[in-house]
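Here the structure is laid out as structure tokens; the discussion comes afterwards.
Residue numbers start from 1 in every chain, and the chains themselves are labelled A, B, ... in the order their sequence lines are given, proteins ahead of strands. Just so it is clear, the values below take in all heavy atoms, side chains as well, and ignore hydrogens, waters and symmetry mates.
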Protein chains: 2
Amino acid sequence: MVPGMGHCDIHATLERAGLSKTSQRVAVLTALVHAETPLSARDILERVSGEGRINRVTVYRILASFKAGGIIRELATDHGENFFEMACRHNPAHPHFYCRSCRSLACLPSAGNQERWIREYREADEAIETVAIHFTGLCRRCRSENAGHPVRRLRGPRGDRRVSP
Amino acid sequence: MVPGMGHCDIHATLERAGLSKTSQRVAVLTALVHAETPLSARDILERVSGEGRINRVTVYRILASFKAGGIIRELATDHGENFFEMACRHNPAHPHFYCRSCRSLACLPSAGNQERWIREYREADEAIETVAIHFTGLCRRCRSENAGHPVRRLRGPRGDRRVSP
DNA sequence: AAACTCTTTGCAAATGAGTTGCATTTATTG
DNA sequence: CAATAAATGCAACTCATTTGCAAAGAGTTT
């Protein structure tokens, strides 16, 4: 996340998307604007439970409306848990890193030429609406906590492993 | 998929990964090697049901072992359904296009500089194990069948839509 | 070939993210 | 302020994927 993104105006953002300013929407959008990393629906539910207490289903519906309104981006992971982040001008599209052990999602800086590269693909087929660049592996924390989070491995193959046929 | 990938030797591939050649593994690998596009677990189950009839759970376990052995890649989608494709030398990593309407996944050709670009990111953090580049939108078929697959839209906003705050 | 051991498979049941139907509440408009 | 449309909450559901456990296979040793 880009520092300073928290400055996005909640009410103006909702208005621009044509969404009425219900307390639930304000709460969800506030959580997203202040998030350091992309949030899952569960993350949002937790962060919002302090105040008015929102229903789980409502969170999903609000996220769907935000996505349709172009306010947020949705990020898919291998494990079926999706994450959400602001899609405002302070937070342009960038790659993400997903830890397959702790299942956290972190933002990566954009490569210098990434924007242009993405644009080329967009031009090749105007039906493209979103582009996601997704790295996976083990995050630093899980790498050091190796004992607790052992890397899953099958029985060691006879010859080499990971060789293309 | 790359034409000619079907030439991958099933038995040699399993052997190299240190996996015993059970009839179920051979069937799943055969389906993947001959697939024109990435397959979901359900796709594989369907294609394999002709012969020996494999249990759903077994397919998932076989796919997990193939992935751990570096034989296949797993591709995540927004809707929690994952796809799988060969990771052999005939099928180097490439971007994919996911249709949000019919939920099909298609392969895209690699951009000329993609390999280098990916390598740069890998070097930046050696923990990175996989890289996925994922486009979404509406496929050609769903675009023309617009009547049957209407694009979901919220009530039209007063001002402009999709404007960043 | 029987006995052992380890791996793989099948079945049933669970998990967990996300969705749908419907009644109720809240916003917005006239 | 009543009328109308949108948003929320609740319960129950779908569906991909996972887990526990017992039965079936494979490979090895005696």
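- Between L63(A) atom CG and dA7(D) atom C1' the separation is 15 Å, expressed in whole Å.
- Separating the CD atom of E46(B) from the C1' atom of dA16(D) is a distance of 14 Å, rounded to the nearest angstrom.
- Counting to the nearest Å, the C1' atom of dA5(D) and the CG atom of L19(A) are 15 Å from each other.
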Do any side-chain atoms of residues 57-64 of chain A form donor-acceptor pairs under 3.5 angstrom with protein atoms, and if so which ones, sequence neighbours left out?
none

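- For I44(A) and dT8(D), the CD1 to P distance is 14 Å, given to the nearest whole Å.
- Residue T58(B) places its side chain closer to dT9(C) than to any other of dG9(D), dT9(C), dT8(D).
- Residues satisfying the side chain to side chain donor-acceptor pair (under 3.5 Å) criterion with D43(A), sequence neighbours excluded, are S40(A).
- Looking only at side-chain heavy atoms (C-beta outward), H94(B) and R73(B) come within less than 4.5 Å of each other.
- By the criterion of side-chain heavy atoms lying less than 4.5 angstrom apart, applied directly or through intervening Ile, Leu, Val, Met, Phe, Trp or Tyr residues, F66(B) is grouped together with V33(B) in one hydrophobic cluster.
- Atom CG of L45(B) and atom C1' of dG10(C) are 13 Å apart (whole Å).
- For the OP1/OP2 pair of dT26(C) and a distance below 4.0 Å, the side-chain nitrogens and oxygens of Q24(A) include no atom meeting the criterion.
- Going from atom CG of L75(B) over to atom CG of D78(A) covers 8.5 Å, rounded to the nearest 0.5 Å.
- Using a cut-off of 4.0 Å between Lys/Arg side-chain N and Asp/Glu carboxylate O, E15(A) and K21(A) are scored as salt-bridged.
- The closest donor-acceptor contact from the side chain of N91(A) to the backbone of M86(A) lies under 3.5 Å.
- When the C1' atom of dG25(D) is taken as reference, atom CD1 of I62(B) falls 14 Å away, rounded to whole Å.
- One finds no side-chain N or O of T22(B) lying less than 4.0 angstrom from the OP1 or OP2 phosphate oxygen of dA26(D).
- Separating the CD1 atom of I54(B) from the C1' atom of dT17(D) is a distance of 17 Å, rounded to the nearest angstrom.
- Checking S23(A) against R61(A), the closest nucleotide of DNA chain C that is more toward the 5' end is the one next to R61(A).
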For nucleotides 12-18 of chain C, 5' to 3', base contacts (B), sugar-phosphate-only contacts (S) and non-contacts (-) with protein non-hydrogen atoms under 4.0 Å give BB---SB

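- Atom NZ of K21(B) and atom P of dT7(C) are 18 Å apart (whole Å).
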